[in-house]
Colleague: 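Let me begin by handing over the structure; questions about it come next.
It should be emphasised that the depicted structure is a prediction, and the values quoted were computed from it without experimental measurement.
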Amino acid sequence: MVSKPVVRAPIRSNARSNRARILATARQELGRNPDATLEEIARAAGVVRRTVFGHFPGRAALVEALAEEAAEALRAAVARQPGAAEPPERALARFVLAIWPVGDRYRLLLALARQDLGMERVSEVLSPAREEAAVILEHGQRQGVFHDHLPPAVLNAGLEALTLSLLESVNAGAWEDDGTRSAVATLVAAGVPERQAVDVGGGGAPAGGAAGASGGGGGATWGWAARRSHPPRAGTRGAKPE
């Protein structure tokens, strides 16, 4: 009698499901407690300790998997940015709104940066965003939209520090944001007059907000990206005709 071949696809599918559930749980548990152990994460995920270790042989491997997830999400967000024809102030606001849900979802990595990842790895994760921001800022400075008191690289580093600080404030429970207020703050810090920054960056929130992106799989579409930004109000200092 010839035995039937063993069907392995469901096993692989189950393994992928377990891995995804472990990573999702790790984001939540490490966000609440950066010192959470693999045993605690396994218990919260509803799997046995051996299942976690089957996918991630140690804490470092688990955190690295989260870092790679974050890097992929950031690359995808940056890749959706429009071309250079968009006015720089709108491009910068759109950029902040695009990356904010990624930062909100993976802000736990800020707490783990020095302890588990190392700053070099964090720099690798952030590099796609840094490169895109540099292009936008250099274009904006050439157009006279952003101030030129600082070289583009220095301005880029300062705005990145601002964004990370805002994310840390969210992580600490000091405030909540869906990205719109951070977009306005970034525009103002880059040299856009406040009222114009509010018109461009704060006139609407991404559909679903950062909270929706945090709980989902990163497939959100942004209502802000689909609408036209309000033009600068008449008499606004520094407003430029389009």
Colleague: Could you check whether any side-chain N or O of Asn171 sits under 3.5 Å from a backbone N or O of Gly173, counting only pairs where one atom can act as donor and the other as acceptor?
Modeller: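 No: the side chain of Asn171 does not pair with the backbone of Gly173.
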
Colleague: Looking only at heavy atoms, what is the nearest atom pair of Arg75 and Pro128, with distance?
Modeller: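 Closest pair (atom of Arg75, atom of Pro128, distance): CG-CG, 3.5 Å.
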
Colleague: Can you pull the side-chain hydrogen bond (donor to acceptor under 3.5 Å, both in side chains) pairs that have at least one residue in residues 145-166, sequence neighbours excluded?
Modeller: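 Passing the test, one end in residues 145-166: Arg130-Glu160.
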
Colleague: Restricting to non-hydrogen atoms, name the atom on Ala189 and the atom on Leu159 that form the minimum distance, rounded to 0.1 Å.
Modeller: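 It is CB-CD2, 3.6 Å.
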
Colleague: Return the CD1 to CD1 distance between Ile22 and Ile41, rounded to the nearest 0.5 Å.
Modeller: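 It comes to 9.5 Å.
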
Colleague: Leu23 and Val47: same hydrophobic cluster, using ILVMFWY side-chain contacts below 4.5 Å?
Modeller: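 Yes, one cluster joins them.
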
Colleague: Begin with the C-alpha distance, continue with both residues' side-chain angles, and end with the deciding distance and a verdict on side chain to side chain contact (heavy atoms under 4.5 Å, CB included) for Val96 and Val184.
Modeller: CA-CA 9 Å; Val96 174; Val184 172; over 6 Å; no

Colleague: Give the intermediate values and the outcome of salt bridge (Lys or Arg N to Asp or Glu O under 4.0 Å) for residues Glu86 and Arg94.
Modeller: CA-CA 10 Å; Glu86 187 173 42; Arg94 191 187 299 272; 2.6 Å; yes

Colleague: Has the side chain of Ser127 got a donor or acceptor atom that lies under 3.5 Å from a matching backbone atom of Glu124?
Modeller: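 Checked: pair present.
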
Colleague: Per the side-chain contact (heavy atoms from CB on, under 4.5 Å) rule, which among Leu117, Leu112, Leu109 passes with Val122?
Modeller: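 One option only clears the test, and that one is Leu117.
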
Colleague: Return the minimal non-hydrogen interatomic distance between Ala65 and Phe56, and the atom names on each side.
Modeller: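 That would be CB-CE2, 3.6 Å.
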
Colleague: Work out which heavy atom in Leu137 is nearest to a heavy atom in Pro152; give both atom names and the distance.
Modeller: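 For Leu137 versus Pro152, the nearest heavy atoms are CD1-O, 4.4 Å.
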
Colleague: Closest approach of Ala197 and Val192, non-hydrogen atoms and distance?
Modeller: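 Where Ala197 meets Val192 most closely, the heavy atoms are N-CG1, 3.8 Å.
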
Colleague: Report yes or no: do Val135 and Val154 belong to one cluster of Ile/Leu/Val/Met/Phe/Trp/Tyr joined by side chain heavy-atom distances under 4.5 Å?
Modeller: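 Each belongs to a different hydrophobic cluster.
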
Colleague: Could you check Asp177, Leu162, Ile99, Val170 and say which one makes a side-chain contact (heavy atoms from CB on, under 4.5 Å) with Ser182?
Modeller: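 Of Asp177, Leu162, Ile99, Val170, side-chain contact (heavy atoms from CB on, under 4.5 Å) with Ser182 is met by Asp177 alone.
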
Colleague: Leu38, Leu30: one ILVMFWY side-chain cluster at the under-4.5 Å cut-off?
Modeller: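 Yes, because Leu38 and Leu30 connect within a single hydrophobic cluster, where side-chain heavy atoms sit under 4.5 Å apart.
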
Colleague: I need the Leu74 CG to Arg105 CZ distance, nearest 0.5 Å.
Modeller: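 CZ of Arg105 is found 13.0 Å from CG of Leu74.
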
Colleague: Ile136 and Phe95: side chain to side chain contact (heavy atoms under 4.5 Å, CB included), yes or no, with the steps?
Modeller: CA-CA 9 Å; Ile136 295 172; Phe95 169 77; 3.8 Å; yes

Colleague: List, one per line, each side-chain donor-acceptor pair under 3.5 Å for residues 48-55, sequence neighbours excluded.
Modeller:
residue : atom : partner : partner atom : Å
Arg49   : NE   : Glu39   : OE2          : 2.7
Arg49   : NH2  : Glu39   : OE2          : 3.3

Colleague: Grab the two heavy atoms, one from Ala77 and one from Val102, that are nearest each other, plus how far apart they are.
Modeller: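 Residues Ala77 and Val102, closest heavy atoms: CB-CG2, 4.3 Å.
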
Colleague: Tell me if a side-chain donor or acceptor on Glu29 pairs with a main-chain N or O of Ala26 at a distance below 3.5 Å.
Modeller: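 No: the side chain of Glu29 does not pair with the backbone of Ala26.
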
Colleague: Using side chain to side chain contact (heavy atoms under 4.5 Å, CB included), reason through Glu89 and Gln196 one step at a time and then give a plain yes or no.
Modeller: CA-CA 9 Å; Glu89 66 273 26; Gln196 183 182 355; 3.6 Å; yes

Colleague: Leu167, Trp175: one ILVMFWY side-chain cluster at the under-4.5 Å cut-off?
Modeller: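 Yes, one cluster joins them.
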
Colleague: Give a yes or no on whether a salt bridge exists between Glu69 and Arg27, defined as a side-chain N under 4.0 angstrom from a carboxylate O.
Modeller: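 Salt bridge present between Glu69 and Arg27.
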
Colleague: Tell me whether Arg90 contacts the main-chain N or O of Pro87 through its side chain, where contact means a donor paired with an acceptor under 3.5 Å.
Modeller: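 No; judged by distance alone, with no hydrogens or angles, the pair does not exist.
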
Colleague: Could you check whether any side-chain heavy atom of Gln28 comes within less than 4.5 Å of a side-chain heavy atom of Leu108, counting everything from C-beta outward?
Modeller: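 No, too far: nothing below the 4.5 Å cut-off.
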
Colleague: Tell me, which pairs form a side-chain hydrogen bond (donor to acceptor under 3.5 Å, both in side chains) where one or both residues lie in residues 56-67, sequence neighbours left out?
Modeller: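 Listed once each, the pairs are Arg59-Asp116, Glu64-Arg121.
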
Colleague: Please confirm whether the backbone N or O of Glu176 pairs with a side-chain atom of Arg181, one donor and one acceptor, at under 3.5 Å?
Modeller: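 Confirmed, Arg181 side chain pairs with Glu176 backbone.
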
